[in-house]
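Only a predicted model underlies this, so the values are computations on that prediction, with no experimental measurement involved. Each ligand, and each atom within it, is numbered from 1 in the order the structure gives.
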Amino acid sequence: MASFAVKNICIIGAGNMGHQIALSAALAGYKVVCTDINQEILKQAENFVDTYLPQRVTKGKLTEDESKAARARVSFTSDLKEAAQDADLVIEAVIEKLELKRKIFADLDKICPPHAILATNSSYIVSSKIADVTGRPDKVCNMHFFNPALVMKLVEVVKGPHVSDDTVEIVMEVCKKMGKVPVMLQKEIYGFLVNRIVSAIKNEALYIYDMGVATPEDIDTAVVHALGHPMGPFRLLDLTGVDLTYYISTERYQETGDPKYKPSPIIVEKFIKKEWGRKTGKGFYDYCK
Ligand SMILES: NC(=O)c1ccc[n+]([C@@H]2O[C@H](COP(=O)([O-])OP(=O)(O)OC[C@H]3O[C@@H](n4cnc5c(N)ncnc54)[C@H](O)[C@@H]3O)[C@@H](O)[C@H]2O)c1
């Protein structure tokens, strides 16, 4: 039996992933505090919640009371201490930079109650690269949601060698209470399950594009119609953020020196031009129109 039941969840980072994980948790009955260093992003996250919940009521997916109760359970602050001091579980969703995550986990270790579990939503970084900055490595694990987190059911929970059975049990329980479908990875592996498979497709699509063989639209059309994916690799790149792909491939390339991880020329170009996809209004597609 798990050693405690999670009641309070703290989400670090209110960006693409964080605000939707926060709202999913609030809808599942958890008390949630979401924090970000960027006030504008925090405001956008709060506005999203205030728009999304009434829309669900209009669509008949939530009652007025359920919507009000979920809204009352989620709050936003830029103060990390205020956000994390009562947390039973923290889910970190800041940008994919190892040193930043290590710094945040070291701070969290000082702020959070001793029993609290510290999870990272990182797409690629295994928690053993972070856990050693805390005095509770057995309570540090990967909890990888998918985008958009309100819709996508899968969560990859990774049991690194330092993670206790109790931690995994509690995290799997939280996923289920949030209406998610968790899968447990018994070992740490770079990119976990899904991103390893998706990356192979994405890298091949970028290679085909860089070779001048076909446009993003045509490559996406081919993948959607032939493989039955809900969207093609370029639409997916725009959704997840071109910046994220840039950070991930650059970091992996620097770490391994393996040319297969070197960011594709078009990713570098779009990163420099700040054409990061939906979040900046333009990526491989134009969202300003
Ligand atoms: N985008 C995706 O599709 C996706 C999917 C699954 C997992 N992830 C992972 O989730 C994490 C977040 O990705 P994202 O796409 O939401 O990024 P994002 O850039 O949209 O959001 C990150 C947020 O972190 C905030 N931040 C930066 N430093 C901070 C700090 N010190 N304290 C608090 N907040 C801080 C930023 O202001 C920003 O709002 C990454 O690790 C990524 O690998 C992303």
Of all heavy-atom pairs between [X] and [Y], which one has the smallest distance, and what is that distance?
X      : Y      : result
Gly277 : Val242 : N-CG2, 4.3 Å
Glu217 : Tyr285 : CA-OH, 3.5 Å
Asn16  : Gln20  : O-CG, 4.1 Å
Pro263 : Thr250 : CG-OG1, 3.6 Å
Ser127 : Val163 : OG-CG2, 4.3 Å

Looking at [X], which atoms of ligand 1 are within less than 4.0 Å of one of its heavy atoms?
X      : answer
Lys279 : 18 (P), 19 (O), 20 (O)
Ser122 : 41 (O)
Gly15  : 16 (O), 20 (O), 21 (O), 39 (O)
Asn38  : 37 (O)
His144 : 6 (C), 7 (C)
Lys101 : 40 (C), 41 (O)
Ile95  : 19 (O), 22 (C), 24 (O)

Among all protein non-hydrogen atoms, which one is nearest to [atom], and what is the separation to 0.1 Å?
atom                    : value
atom 33 (C) of ligand 1 : Ile37 N, 3.6 Å
atom 15 (O) of ligand 1 : Asn16 CB, 3.3 Å
atom 41 (O) of ligand 1 : Glu96 OE1, 2.5 Å
atom 23 (C) of ligand 1 : Asp36 OD2, 3.6 Å
atom 10 (O) of ligand 1 : Asn121 ND2, 3.0 Å
atom 42 (C) of ligand 1 : Ser123 OG, 3.4 Å
atom 44 (C) of ligand 1 : Met17 CG, 3.4 Å

Heavy-atom distances under 4.0 Å are what count here, so tell me which part of [X] touches ligand 1: side chain, backbone, both or neither.
X      : answer
Ile12  : side chain
Ile248 : neither
Ile104 : side chain
Lys103 : neither
Phe145 : backbone
Leu100 : side chain

*Start with the C-alpha distance between Tyr190 and Thr256, add both sets of side-chain angles, then the distance that settles side chain to side chain contact (heavy atoms under 4.5 Å, CB included), and finish with yes or no.*
CA-CA 12 Å; Tyr190 177 79; Thr256 64; over 6 Å; no
Could you state the interatomic distance from [atom1] ([X]) to [atom2] ([Y]), rounded to the nearest 0.5 Å?
X      : Y      : atom1 : atom2 : result
Glu255 : Lys129 : CD    : NZ    : 3.0 Å
Ile12  : Thr35  : CD1   : OG1   : 6.0 Å
Ser122 : Ile248 : OG    : CD1   : 7.0 Å

*Hey, does the side chain of Arg136 reach the backbone of Asp109 with a donor-acceptor pair shorter than 3.5 angstrom?*
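Side chain of Arg136 to backbone of Asp109, a donor-acceptor pair under 3.5 Å: yes, one is there.
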*Please say whether the positively charged group of Lys180, taken as NZ for Lys or CZ for Arg, lies over the ring of Phe145, i.e. under 6.0 angstrom from the six-membered ring centre and within 45 degrees of the axis.*
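Relative to the ring axis of Phe145, which defines the angle, Lys180 lies outside at least one limit.
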*From atom 40 (C) of ligand 1, work out which of Ile41, Val155, Val94 has a heavy atom at the shortest distance.*
Val94
*Looking only at distance, does Asn147 have an N or O less than 3.5 Å from an N or O of ligand 1?*
yes
*Is any N or O atom of Thr240, backbone or side chain, closer than 3.5 Å to an N or O atom of ligand 1?*
yes
_Glu92 to ligand 1, any heavy atom closer than 4.0 Å_ = no
_Would Ala93 count as a contact residue for ligand 1, given that I'm defining contact as a non-hydrogen atom of the residue lying under 4.0 Å from a ligand atom?_
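The answer is yes, since Ala93 has a heavy atom less than 4.0 Å from ligand 1.
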*Can you tell me if Tyr124 and Ser199 form a side-chain donor-acceptor pair at under 3.5 Å?*
yes
*Can a donor-acceptor pair be found between the side chains of Glu275 and Thr280 at a distance below 3.5 Å?*
no
*Looking at Lys177, Met172, Lys176, Met178, which one forms a side chain to side chain contact (heavy atoms under 4.5 Å, CB included) with Val174?*
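Checked Lys177, Met172, Lys176, Met178 against Val174; only one passes side chain to side chain contact (heavy atoms under 4.5 Å, CB included): Met178.
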*asked:* Test salt bridge (charged side-chain N to carboxylate O under 4.0 Å, His left out) on Asp165 and Lys159; report intermediate values, then the result.
replied: CA-CA 8 Å; Asp165 290 340; Lys159 189 175 180 330; 3.5 Å; yes
